[in-house]
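Report on one structure; see the data block that follows.
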Amino acid sequence: MWIEHFLQLYLQRECAMSMQNYMRVAARTSADRRYQSGTDIVIVGNGIAGLTAAVEARRFAPDVRIAIITEQSHPTINTPSLKQFAMGKLDREQLLAYPIGTECAQRIQVIHGRVEEINAHDKGVRLSSGSIISYGSLLIATGSVASGLPAHLPGRDFDGVLTLHRLQDYMNLRRRLNEVDDAVIIGGGAHAIETVMSLLYLGVRTHWLLRKKTCLSGVLDQHASELVLRHIQQAGAKVYTETEVMGIAGNVGAVAGVVTNHHQMIPCQLVAVCTGMRPVTTLAQRCTLPMMYERDQGIFVNNHLRTNVPGIYAAGDVAALNNPQTGVHQTRAQWYSAVVQGASAAAAMTGQTTAMTGQAASGASGQGQALPVHFFGVPWHATRLGNLSFVTVGSPLARIPGSVTLTDSFKGTYRRLVIHDDRLVGDISLGQAQADGLAIKRLIDEGASIGAAKEALLKGTFDARKYFSQQRSISVMALARQRNVWTGQPHPGDDEGAPALPSALPERDSLSFDERIQHRVARPVSIVGSMPYAPLPGSASGTQFRGFHYPGGKEKV
Ligand SMILES: Cc1cc2nc3c(=O)[nH]c(=O)nc-3n(C[C@H](O)[C@H](O)[C@H](O)COP(=O)(O)OP(=O)(O)OC[C@H]3O[C@@H](n4cnc5c(N)ncnc54)[C@H](O)[C@@H]3O)c2cc1C
């Protein structure tokens with residue numbers, strides 16, 4: 001009896017471990033030989049993809065042995081919140097993605113260490129300590145690293161030059177902010193913009209350096225980019241376009257300024273490097289069976305998150321999913337995507353034929369819904385750029401012969417739709433109100449005719465619920481007409497026709513990006529999918545109503 005009581009107290013203490021002693025406990029558990037003899041599911045990396053996969057796998061399979069091996073010295077954190085942490089709006093403890101002790105409560109073994117290689121023949125991984133851990137299924141969730149500054153850039157090692165990516169980088173930033181009057185931010189993407197806005201919020205004079213003439217050049221057209229740049233300038237940042245850093249000047253080991261290609265010296269006490277990230281594909285290189293990957297594109301997986309090597313999966317920033325519009329595999333380095341991929345990988349590794357929807361998996365609804373294993377469809381991204389909400393879905397910059405590009409701008413809002421054969425190919429929405437990115441994504445994924453919704457999409461008044469319920473009624477009526485009778489019961493075979501899973505092999509052809517899209521768009525079956533409708537958090541109905549009336553742009557390609 002007393003042993004049971006003692007054990008209970010011990011487990012409670014373990015489960016309540018704080019961030020500080022996480023390392024100590026993780027190190028001790030690494031010596032646990034039980035798990036070294038073989039674990040059913042081994043996950044490399046305790047970012048959000050890895051931990052979500054572990055928690056979901058436990059839910060699907062209560063009895064399997066699950067271990068996470070990670071070189072990270074702290075529990076899983078909510079990385080998008082690091083900016084709020086830097087601004088002092090959140091404390092370190094508030095960064096935790098899951099409550100403290102989740103791993104213990106869910107019987108997930110955490111092993112602190114670095115995985116060096118995979119022996120796919122014997123199904124085992126080797127740690128830098130020399131330990132071998134065998135697996136039934138292996139999930140590579142090794143995430144991404146910051147691209148940083150070029151290795152040869154003079155002055156890159158001065159104190160005060162920070163590449164912002166990990167918790168340690170943001171702790172470092174937060175510690176030194178009191179001494180910073182001027183900061184230089186390098187990079188042209190969303191990460192750089194968010195950093196600029198955070199520093200402005202803190203009252204730091206902010207100099208933003210972009211290599212190109214535009215920002216977010218992979219996803220925004222010139223008009224949208226100008227809108228964002230204007231917005232950032234109005235917020236108080238000094239923006240330097242077409243500007244490269246030639247070197248960093250120092251003063252007794254600390255940064256004193258940045259020298260640009262225009263022979264300009266910008267004095268500063270902080271250089272924040274936000275030059276993008278790349279997937280950590282090392283384990284694909286160090287696998288005894290050839291694994292399909294590309295260094296900057298990630299490890300190729302199918303919609304079950306399977307790599308081409310039996311028993312090995314990949315999820316999160318490291319995984320390259322097929323873009324159904326182009327046939328090209330690419331990473332989707334966003335939080336939401338990592339959560340959904342982690343949950344889907346768990347379903348696949350535990351042999352589930354159904355998985356939670358993305359919304360349920362992220363805990364937004366708390367209710368599961370049985371659906372075919374996730375169809376990821378086209379990429380999408382939603383974020384805030386200062387006070388601007390920004391959503392991009394599909395291929396909004398594609399120039400496909402026969403397609404029409406509609407644009408609309410009014411009072412600081414901008415929308416761009418690319419339409420081919422009455423079907424949406426891509427969308428950019430910028431404005432104060434958040435567009436319903438997932439509903440727009442669903443339109444593209446399902447290859448829906450948007451004839452009736454075009455105007456509303458362009459004006460930002462698209463009512464997703466109304467539209468999809470109308471579409472359902474239309475299909476039900478069509479089905480009833482086809483069968484000449486409607487019984488109210490599903491007909492055998494109604495579930496057939498699920499999208500074929502793309503192979504893990506990349507399509508390599510000589511077509512250009514736009515040609516590939518055209519090729520795909522011409523075959524509607526390739527973009528039909530079953531992406532569940534899940535509104536963005538904070539957009540309960542997924543709809544905004546506005547009554548603008550203004551001239552729009554129309555461009556026929
Ligand atoms: C600063 C920052 C801000 C962001 N802001 C946003 C945002 O606003 N919105 C948004 O949608 N997304 C944002 N993202 C992206 C989002 O956070 C990521 O897409 C997501 O966290 C990726 O999770 P992951 O689990 O795939 O990888 P990671 O979080 O990178 O985790 C990978 C883990 O694997 C471990 N690892 C790697 N190699 C090994 C090895 N060989 N052995 C053992 N362990 C290993 C690493 O130590 C790490 O713990 C941001 C990212 C960053 C860095």
Side-chain angles (χ1 to χ4, degrees), residues 22 26 30 42-54 67-86 95 97 110-118 125-129 131 133 138-148 162-171 173 187 189-195 197-198 272-287 298-299 305 314-320 331-343 345 362 379-385 390-392 437 536-537:
Y22 178 84
S30 71
V42 169
I43 296 165
V44 188
N46 75 330
I48 193 62
L51 184 58
T52 304
I68 295 180
I69 308 169
T70 187
E71 60 179 352
Q72 185 169 276
S73 57
H74 56 78
T76 312
I77 55 161
N78 185 314
T79 26
S81 299
L82 282 169
K83 278 115 22 180
Q84 279 79 12
F85 169 71
L95 287 174
V110 179
I111 299 169
H112 188 250
R114 179 179 170 74
V115 175
E116 293 293 349
E117 65 179 11
I118 303 170
V125 292
R126 186 177 63 77
L127 274 61
S128 47
S129 63
S131 307
I133 298 180
L138 176 70
L139 176 67
I140 303 176
T142 47
S144 55
V145 284
S147 305
L162 303 184
T163 297
L164 297 178
H165 192 73
R166 300 162 309 147
L167 173 61
Q168 289 87 334
D169 306 325
Y170 281 86
M171 293 201 302
L173 173 66
H191 185 25
I193 297 174
E194 286 163 355
T195 307
M197 296 309 287
S198 304
V273 183
C274 308
T275 48
M277 44 199 183
R278 60 182 163 74
V280 179
T281 53
T282 336
L283 291 179
Q285 294 163 42
R286 298 190 191 154
C287 179
I299 299 174
L305 285 311
D317 282 5
V318 73
T331 55
R332 303 185 182 188
Q334 280 117 33
W335 179 263
Y336 181 87
S337 188
V339 169
V340 175
Q341 289 179 38
S362 64
W380 72 289
H381 184 42
T383 189
R384 284 198 79 81
L385 306 173
F390 158 62
V391 173
T392 169
L536 282 172

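Values below: all heavy atoms of this structure, side chains included; hydrogens, waters and symmetry mates excluded. Both counts, for ligands and for their atoms, begin at 1 and track the order of listing.
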*For Ala49, take its heavy atoms, then give the atoms of ligand 1 lying under 4.0 Å from any of them.*
25 (O), 26 (O)
*Per-atom contacts of ligand 1 with Tyr170, taking only distances under 4.0 Å to non-hydrogen atoms*: 1 (C)
_Suppose I only count heavy atoms of Gly316 and a 4.0 Å limit; which atoms of ligand 1 are within that range?_
26 (O)
*Run down the list Val318, Thr331, Asp317 and name the one with the heavy atom closest to atom 18 (C) of ligand 1.*
Asp317
_Can you report which non-hydrogen protein atom sits closest to atom 41 (N) of ligand 1, along with the distance?_
Val115 O, 3.0 Å
_Does this structure show an ion pair linking Glu116 with Arg126, if we count only N-O contacts that are shorter than 4.0 Å?_
no
*Which residue and heavy atom of the protein sit nearest atom 12 (N) of ligand 1, plus the separation*: Trp335 N, 3.3 Å
*Relative to each other, are the rings of His191 and Tyr170 parallel, tilted or perpendicular (30° and 60° limits)?*
tilted
*Quick one: look up the protein heavy atom nearest atom 47 (O) of ligand 1 and list residue, atom name and how far away it is.*
Glu71 CG, 3.4 Å
*Ala141 neighbourhood, listing ligand 1 atoms whose heavy-atom distance to it stays under 4.0 Å*: 32 (C), 33 (C), 34 (O)
_Checking a contact table here: which protein heavy atom is nearest atom 21 (O) of ligand 1, and how many Å away?_
Thr79 OG1, 3.0 Å
_Shortest protein heavy-atom distance from atom 35 (C) of ligand 1, along with the residue and atom involved_ = Gly45 CA, 3.7 Å
*asked:* For ligand 1, which is the ligand I care about here, please tell me if His381 has any N or O atom under 3.5 Å from one of the ligand's N or O atoms.
replied: no
*asked:* So, 4.0 Å and heavy atoms of Gly113: is ligand 1 close enough to count as a contact?
replied: yes
_salt bridge (charged side-chain N to carboxylate O under 4.0 Å, His left out) against Arg332, all qualifying residues, sequence neighbours excluded_ = none
*Numbering as shown, the atoms of ligand 1 that approach Asn46 to under 4.0 Å (heavy-atom distance)*: 33 (C), 49 (O)
_Nearest neighbour in protein (non-hydrogen) for atom 49 (O) of ligand 1_ = Gln72 OE1, 2.9 Å
*Looking at CG of Asp317 and CD of Gln341, how far apart are the two atoms once the value is rounded to the nearest 0.5 Å?*
8.5 Å
*Measure the distances from the heavy atoms of Lys83 to every atom of ligand 1 and state whether one is below 4.0 angstrom.*
yes
*With atoms numbered from 1 as shown, which atoms in ligand 1 lie under 4.0 angstrom from a non-hydrogen atom of His191?*
1 (C)
*What protein heavy atom sits nearest atom 14 (N) of ligand 1, and how far off is it?*
Pro80 CG, 4.3 Å
*asked:* I'd like the name of whichever of Ala333, Gly50, Ser337 reaches closest to atom 15 (C) of ligand 1 through any heavy atom.
replied: Ala333
*Step by step, would you call Val42 with Ile69 a side chain to side chain contact (heavy atoms under 4.5 Å, CB included)?*
CA-CA 7 Å; Val42 169; Ile69 308 169; 3.6 Å; yes
*How far is atom 38 (N) of ligand 1 from its nearest protein heavy atom, and which residue and atom name does that atom have?*
Thr142 CG2, 3.4 Å
*Report the residue from Ile299, Thr142, Ile140 that forms a side chain to side chain contact (heavy atoms under 4.5 Å, CB included) with Thr281.*
Ile299
